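The structure displayed is predicted, hence computed values, not measured ones. Just the heavy atoms: all of them, side chains too, but no hydrogens, waters or symmetry mates, feed the values below. Chain letters run A, B, ... following the sequence lines, proteins first and then strands; every chain starts at 1.
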2 protein chains.
Amino acid sequence: MKRSSASLPILTEAPQRAERADAVANRRRILATAEKLFAKRGVANVHMADIAKAARVGQGTLYRHFANKGELCLALLDAQMAEFQDRTLSTLREMSARRERKLEQLLWFLDAVVRFNARHAPLLCAAQREVMVPESPTGAPFQWQRLTVVGLLQGAERDGEIEAGLDLPAIADVLLAPTHPPVFNFLHVASGYTLDRISAAIQQVVRGLGCR
Amino acid sequence: MKRSSASLPILTEAPQRAERADAVANRRRILATAEKLFAKRGVANVHMADIAKAARVGQGTLYRHFANKGELCLALLDAQMAEFQDRTLSTLREMSARRERKLEQLLWFLDAVVRFNARHAPLLCAAQREVMVPESPTGAPFQWQRLTVVGLLQGAERDGEIEAGLDLPAIADVLLAPTHPPVFNFLHVASGYTLDRISAAIQQVVRGLGCR
DNA sequence: TAATTTATCGGACACCTGTCCGTTTGTCAA
DNA sequence: TTGACAAACGGACAGGTGTCCGATAAATTA
């Protein structure tokens with residue numbers, strides 16, 4: 001069963017017909033219904049059959065639109081994630097224009113990521129498998145975050161803020177590791193860390209990278 | 001349904017009878033059967049009903065011994081984990097006796113953790129939920145690793161190897177974050193990092209903490 | 001407007017995890 | 001050895017995720 005998708009047409013195939021109106025409407029209604037049920041009962045307590053029933057669609061229809069609950073949760077996060085991306089990249093551009101140090105930008109950015117993840121923890125938790133598959137059909141939703149961290153580290157290297165020759169892509173992944181949904185929730189919920197404490201610890205580690 | 005458990009008797013309860021011989025034998029057979037099936041087909045492809053059937057026990061019996069597949073996988077790792085713990089703590093004691101710097105010990109330790117996790121990735125993956133619940137009845141299997149990292153960081157602080165006043169417990173969790181099963185597998189399998197590269201990146205971050 | 005094509009539908013079904021409770025059996029005491 | 005107790009058993013069953021495919025209906029063409 002193929003997923004509905006926003007992928008570009010492949011050049012060797014005939015042009016694809018626009019999505020049917022009923023499918024568009026069903027998808028919208030599914031998302032709206034899920035959002036309402038999640039708000040009312042919590043993401044983990046709402047099952048896919050509940051959503052299908054409440055949205056008045058069949059299970060096959062629900063799964064045709066969303067491969068699994070995680071994908072549905074990511075779809076629910078689409079707007080917030082796009083807005084978060086725009087806002088943070090815009091802020092980083094302003095910080096650059098003000099000639100703020102790259103490491104300061106990085107510190108700000110990682111703090112913003114921690115707070116975004118905390119605000120959306122239930123959905124991110126439900127979506128954790130999808131989040132962690134970079135080659136998934138929906139693309140890795142957080143790949144831009146990694147690219148941003150790599151870019152800032154490269155800038156910091158260029159500006160002499162950190163030592164040259166480090167493996168910056170891998171370091172970026174190490175720094176982002178605590179923000180991954182399962183680990184983040186382990187730290188925040190199970191281990192009882194406050195957001196500030198998680199963020200501060202990551203910042204202490206980042207500051208350690210700086211040349212002194 | 002209560003789990004069989006090696007927990008100490010609670011003082012307010014009557015002394016508990018030893019586990020029945022048939023239960024002991026069943027538990028052993030379940031573990032041996034699971035290990036064989038996992039080796040043959042891969043952890044993810046073997047289901048609990050498969051194990052029960054092959055071990056010639058009922059599903060109720062299987063779940064009486066192990067709350068879920070994760071707990072069964074952790075039980076399979078018991079011997080290796082105990083041995084890994086003994087060996088690494090012993091090596092760290094030797095390094096201390098040789099007056100090796102605490103950060104060097106930490107680097108060695110984190111590398112050992114990465115390699116242990118890689119070697120046991122399928123079981124750890126299946127057990128990820130159990131691994132990440134510090135208050136679980138089986139105790140957090142990797143709590144000793146965290147305590148070790150905290151201890152080494154405190155030693156490094158005391159010896160002036162790292163700056164004073166950092167939040168060492170939280171930093172320990174940040175440093176260990178990339179070794180958590182889901183993140184580790186994301187880096188190793190999905191992102192294609194080699195073990196050496198993951199380990200080296202963590203080490204670069206740790207070195208950054210050092211005073212220069 | 002009717003016929004054709006095919007995207008999309010939905011609900012019966014498969015599969016896996018995990019539960020429940022009547023039955024069996026290991027262990028101990030008499 | 002027998003009886004009592006309760007630990008342990010197992011398989012029918014429940015519940016949730018996800019699949020499958022014949023039926024329906026949106027969209028296009030004649």
### Message
Nearest heavy atom decides the nucleotide; on that basis, is K69(B) or A21(B) closer to the 5' end of DNA chain C?
### Response
K69(B)
### Query
Looking only at side-chain N and O atoms, does T61(A) come under 4.0 Å of OP1 or OP2 in dT8(C)?
no
### Message
Is the distance between the ring centroids of H120(B) and F116(B) under 6.0 Å?
### Response
yes
### Query
Does the side chain of H65(A) get closer than 4.0 angstrom to OP1 or OP2 of dC9(C) through an N or O atom?
yes
#### Entry: Protein-nucleotide distance (R129(A), atom CZ; dT17(D), atom P), rounded to Å
12 Å
### Query
Please give, in whole Å, the distance from dA7(C) P to R64(A) CZ?
8 Å
### From dT8(C), dT17(D), dA12(D), nucleotide with atom closest to A49(A) side chain
dT17(D)
### Query
Within this structure, what is the CD1-to-P distance between I30(B) and dG18(C), rounded to whole angstrom?
15 Å
### D173(A)/R197(B) ion pair, N-O < 4.0 Å
no
### Task
Take R20(A) and V57(A), find for each the nucleotide of DNA chain C with the closest heavy atom, and name the residue whose nucleotide sits nearer the 5' end.
R20(A)
### Atom-to-atom span, CE of M48(B) to P of dG16(D) - whole angstrom
19 Å
### Task
Provide, to the nearest angstrom, the distance between the CG atom belonging to N26(A) and the P atom belonging to dA7(C).
17 Å
### Task
Tell me which of A23(B) and Q59(B) sits closer to the 5' end of DNA chain D, going by the nucleotide each one is nearest to.
A23(B)
### Query
Judged by modelled atom types alone, do T61(B) and N26(B) share a side-chain donor-acceptor pair under 3.5 Å?
no
### Query
Looking at R27(B) and D22(B), does any basic side-chain N land under 4.0 Å from a carboxylate oxygen?
no
### Query
D22(B) side chain: which of dG26(C), dG18(D), dG18(C) is closest?
dG26(C)
### Query
Between H47(A) and dT17(D), is there a side-chain N or O to OP1/OP2 distance below 4.0 Å?
yes
### Query
Which distance, rounded to the nearest 0.5 Å, do you find between the NZ of K69(A) and the NE2 of H47(A)?
6.5 Å
### Task
Measure the distance from NZ on K53(A) to C1' on dG16(D) and round it to the nearest whole Å.
14 Å
## Note on the structure
Atom CG of N45(B) and atom P of dC16(C) are separated, to the nearest Å, by 10 Å
### Task
Measure from OH on Y63(B) to C1' on dA14(D) and round the result to the nearest Å.
13 Å
